[in-house]
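Data block below; observations after.
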Amino acid sequence: MKRLFVYNTMTRRKEEFKPLREGEVRMYVCGPTVYDYTHLGHARTYIAFDVIRRYLEHIGYTVFMVMNFTDIDDKIIRRAKETGQEPKELAEKFLAHFLRDMNALKVKPADVYPRVTEHIDEIIEFIRRLQERGYAYEGSDGVYFDVSKFMDYGKLSGIDVDELRKGVRVEPGEGKDSPEDFALWKKAKPGEPKWESPWGEGRPGWHIECSAMSSKYLGERFDIHGGGSDLIFPHHENEIAQSEACFGHEWVRYWLHTGFLMVGGEKMSKSLGNFVTIEELLSRYGAETIRLFIIQKHYRSPLEYTEDGMEHARNSLERLYNTMENIRVAMESAEVKFRWGDAEFEFYEELRRAREGFYAAMNDDFNTAEALKYVFLASNAANRYLTRTEHPGTSLLLKAVEFFRAVSDVFGVMEDYFVERSTGLEEELINLLIGVRNELRKEKRYDLADRIREELGSLGVQLEDTPKGTVWKRKMKAGTGR
RNA sequence: GCCGGGAUAGCCUAGAGGCGAGGCGGCGGACUGCAGAUCCGCUCCACCCGGGUUCAAAUCCCGGUCCCGGCUCCA
């Protein structure tokens, strides 16, 4: 296995990835606060981590992946009030939406999706430990983390507490000793959802859930913690403070953060209202088009959303599918080789280079944009080989297919190609129609011949007349892509 | 104010001292009854500006300009 390097936000450098346990990667990705629809910005992050996770699995690791749901917090309570629902009902609804969207986007599910409301006991216990160790104090309206007690505060984001103070205003908060302190437990105001605790009825603060729930499932030390860049401060900074204060040692080995999804030069966000929901996007483009759009750019860079960009992605994907179909069709005229010509030597070499380049790019901080370049090089090489030979080498075609299967495995693109199964009957019926159509063509009855081709086309079967005869290919359905 | 990230051919993206960048789009050609797919060629020597280092800079150094983000809920 080649060495894998990842960019660690903590050290601001690429570091060689070495999991704490041999062969296993434990990772935690901050999930959404479920108070609204999932939009492309979220998808960007979760698809990025999905690719990272798939790649780690692909190169042989067992990945234990945890993603939390914040299903109770201020925004949920506020939104519920506005829409006249119970907070629980609201959270339930959007949580279901999120899972549905992720599934539609072919994001592999996490192993556990711990929810705050299902882990109140663990959270209370965590706060109690912090209190015992002298890092937490009780104020009039809640329990707070005492930032001044944690010396390393700011090490992830590079924020300096003094700067923070004089810079912009920090939430004053009635019960806080110091403005930079943050809530671990919020005492309930009338009408708010609440749970019993040693500090009276209330609910957890935002950051504590991740510390408490990650340690339950992944232990007090694990490999990767990720999320959008907007979580670096204060969320992840506060998580580090809580966790390391509590455990007394380094908590997370590698911090990975995704760049923002931009629209018209601004960050796509719920609060700006400039978002495209996944549902809406899926109605116009296929999941794989959306994935390719995201994969085309490195996960840490900002990504600008445009209609043009989506269409480019769709066209690019179509090209890959065409290549797969070309290979499939060529399989029928393929043969084992008793002698290689230039075309074979060259194709072999191009495939070899594509594979090498793909893995080298992925090993360099999951550089999907660079890796994709090699996918296209392989695609071009395959097409070129097919036009150069009457009878392609079976083994070479299989080699190409295996490479694309690996790509599909990691990117979650071209999956349809590998999972779709013909029933056999389907194939026979299409061949029957092709036969009829060719007789019509011989008689120059092109109107009927073209009608067969057109109608099959609208069913997703494309007929192509080649010097070798008529072949049929599956094609991407118009409008939706894949 | 304090921290980050960027400016790459018509568009989108990688790269990071010399080794044809990839995709999308456009034009022309081959193939075809037409279409489609594919291939070939072209889209003239791409890297924000000004200095410097070097045999060699898009890549390193210095100085600018412009854009974006974080410091507040946010993926």
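Both backbone and side-chain heavy atoms feed into the values below; hydrogens, waters and symmetry mates do not. Keep in mind that this is a model prediction, so the values were computed, not measured. Within every chain, numbering begins at 1; the chains are lettered A, B, ... in the order of the sequence lines, protein sequences first and strands thereafter.
Side chain A:D450 to base B:rG33: a donor-acceptor pair is found below 3.5 Å.
Nucleotide B:rG63 forms a Watson-Crick or G-U wobble pair with B:rC49, both donor-acceptor distances falling under 3.5 Å. Taking a pair to require two hydrogen-bonding distances under 3.5 Å in either a Watson-Crick or a G-U wobble arrangement, B:rC42 pairs with B:rG26. Nucleotide B:rA9 has no partner under the Watson-Crick or G-U criteria, as no pair reaches both atom distances under 3.5 Å. When both pairing distances are held under 3.5 Å, B:rG20 makes no Watson-Crick or G-U pair with any nucleotide shown. Using the Watson-Crick or G-U wobble rule with both distances under 3.5 Å, B:rA58 pairs with nothing in any strand shown. Pairing partner, B:rU72: none, since no Watson-Crick or wobble contact has both distances short of 3.5 Å. Across the strands present, B:rU32 finds no partner; the criterion is a Watson-Crick or G-U wobble pair with both atom distances under 3.5 angstrom.
For B:rG15, the OP1/OP2 oxygens have a side-chain nitrogen or oxygen of A:N367 closer than 4.0 Å. For the pair A:R319 and B:rC24, the criterion of a side-chain N or O lying under 4.0 Å from OP1 or OP2 is met. At least one side-chain nitrogen or oxygen of A:R384 sits closer than 4.0 Å to the OP1 or OP2 atom of B:rC40. The shortest distance between the side-chain N/O atoms of A:S301 and the OP1/OP2 oxygens of B:rA14 is below 4.0 Å. One finds no side-chain N or O of A:H312 lying less than 4.0 angstrom from the OP1 or OP2 phosphate oxygen of B:rC24. Between B:rG22 and A:N380, no contact under 4.0 Å exists linking OP1 or OP2 to a side-chain N or O. Taking 4.0 angstrom as the limit, A:N322 places a side-chain polar atom (N or O) nearer than this to OP1 or OP2 of B:rU38. Between B:rA14 and A:K373, no contact under 4.0 Å exists linking OP1 or OP2 to a side-chain N or O.
A salt bridge links A:R203 with A:D74: the distance from a Lys NZ or Arg NE/NH1/NH2 to an Asp or Glu carboxylate oxygen falls below 4.0 Å. A salt bridge between A:E356 and A:R352 is present, with a side-chain N of the basic residue lying under 4.0 Å from a carboxylate O of the acidic one. Remark: A:R474 engages A:E426 in a salt bridge, criterion side-chain N to carboxylate O under 4.0 Å. The pair A:R353-A:E350 does not meet the salt-bridge criterion, since no charged nitrogen lies less than 4.0 angstrom from a carboxylate oxygen.
Rounded to an integer number of Å, the gap from A:F376 CZ to B:rG22 P is 12 Å. The interatomic distance linking A:F260 (CZ) with B:rA75 (P) rounds to 10 Å, in whole Å. Taking atom CG of residue A:D465 and atom P of nucleotide B:rA35, one finds them 12 Å apart after rounding to whole Å. Atom C1' of nucleotide B:rU13 and atom CE of A:M262 are separated by 17 Å, given to the nearest angstrom. Rounded to a whole Å, the CG atom of A:L448 is 15 Å from the C1' atom of B:rG33. The distance from atom CG of A:L372 to atom P of B:rA14 is 11 Å, rounded to the nearest whole Å. In this entry the distance linking CD of A:E454 with C1' of B:rA35 reads 9 Å, nearest Å. For the pair A:D308 CG and B:rG23 C1', the interatomic distance rounds to 14 Å; values are reported in whole Å.
Using a 4.0 Å heavy-atom criterion, one finds that A:R437 contacts the bases of the nucleic acid, with or without backbone contacts as well. As judged by a 4.0 angstrom heavy-atom cut-off over every strand, A:L463 is placed among the base-contacting residues. Residue contacts shown for A:G31 are limited to sugar-phosphate atoms, with no base heavy atom under 4.0 Å away. The residue A:K267 sits close to a base: some heavy atom pair falls under 4.0 Å. Contacts of A:T45 with the nucleic acid, taken as non-hydrogen atoms under 4.0 Å apart, include base atoms. Heavy atoms of A:G41 sit under 4.0 angstrom from at least one base atom. Counting non-hydrogen atoms under 4.0 angstrom, A:K473 reaches the backbone sugars and phosphates but no base. A:R300 comes within contact range of no nucleotide atom at all, as no heavy-atom separation falls under 4.0 Å. Residue-level contact check: A:Q296 touches the backbone only, with heavy atoms under 4.0 Å from sugar-phosphate atoms and none from bases. Note on A:Y46: only backbone sugar-phosphate atoms sit closer than 4.0 angstrom, heavy atoms only; bases stay farther off. At a threshold of 4.0 angstrom between heavy atoms, the contacts of A:H257 with the nucleic acid are absent.
Side chains of A:H257 and A:H236: a donor-acceptor N/O pair is present below 3.5 angstrom, by distance only. Under 3.5 Å, the side chains of A:H39 and A:E280 contain no donor-acceptor pair of N or O atoms. With hydrogens and angles left out, the side-chain atoms of A:Y299 and A:D365 include a donor and acceptor closer than 3.5 Å. Side-chain contact check for A:E279 and A:T277: no donor-acceptor pair (N or O, by modelled atom type) lies under 3.5 Å. Side-chain atoms of A:N438 and A:R441 form a donor-acceptor pair, as typed in the model, at a separation below 3.5 Å.
Here the nucleotide nearest the side chain of A:N326, chosen from B:rU38, B:rA14, B:rA75, is B:rU38. Among B:rA75, B:rA14, B:rC31, the nucleotide with an atom closest to any side-chain atom of A:P467 is B:rC31. Taking the side chain of A:L231 as heavy atoms from C-beta on, and the options B:rA75, B:rU13, B:rG36, the nearest nucleotide is B:rA75. Between B:rC39, B:rA75, B:rA37, one nucleotide has an atom nearer to the side chain of A:N383 than all others, and that is B:rC39. Between B:rG23, B:rC71, B:rA75, one nucleotide has an atom nearer to the side chain of A:S316 than all others, and that is B:rG23. Which of B:rG33, B:rU13, B:rA37 sits closest to the side chain of A:K297 comes down to B:rU13. Side chain of A:L377, nearest nucleotide from B:rG22, B:rU13, B:rG69: B:rG22.
Between B:rG22 and B:rA9, the two C1' atoms lie 13 Å apart (nearest whole Å). Only the C1' atoms considered, B:rG50 is 16 Å distant from B:rA58, to the nearest whole Å. The separation of B:rC47 from B:rG15, taken at their C1' atoms, amounts to 11 Å, rounded to a whole angstrom. For the P atom pair drawn from B:rG18 and B:rC61, the interatomic distance equals 15 Å after rounding to whole Å.
Taking the nucleotide of RNA chain B with the nearest heavy atom to each of A:R453 and A:H298, the more 5' of the two is matched to A:H298.
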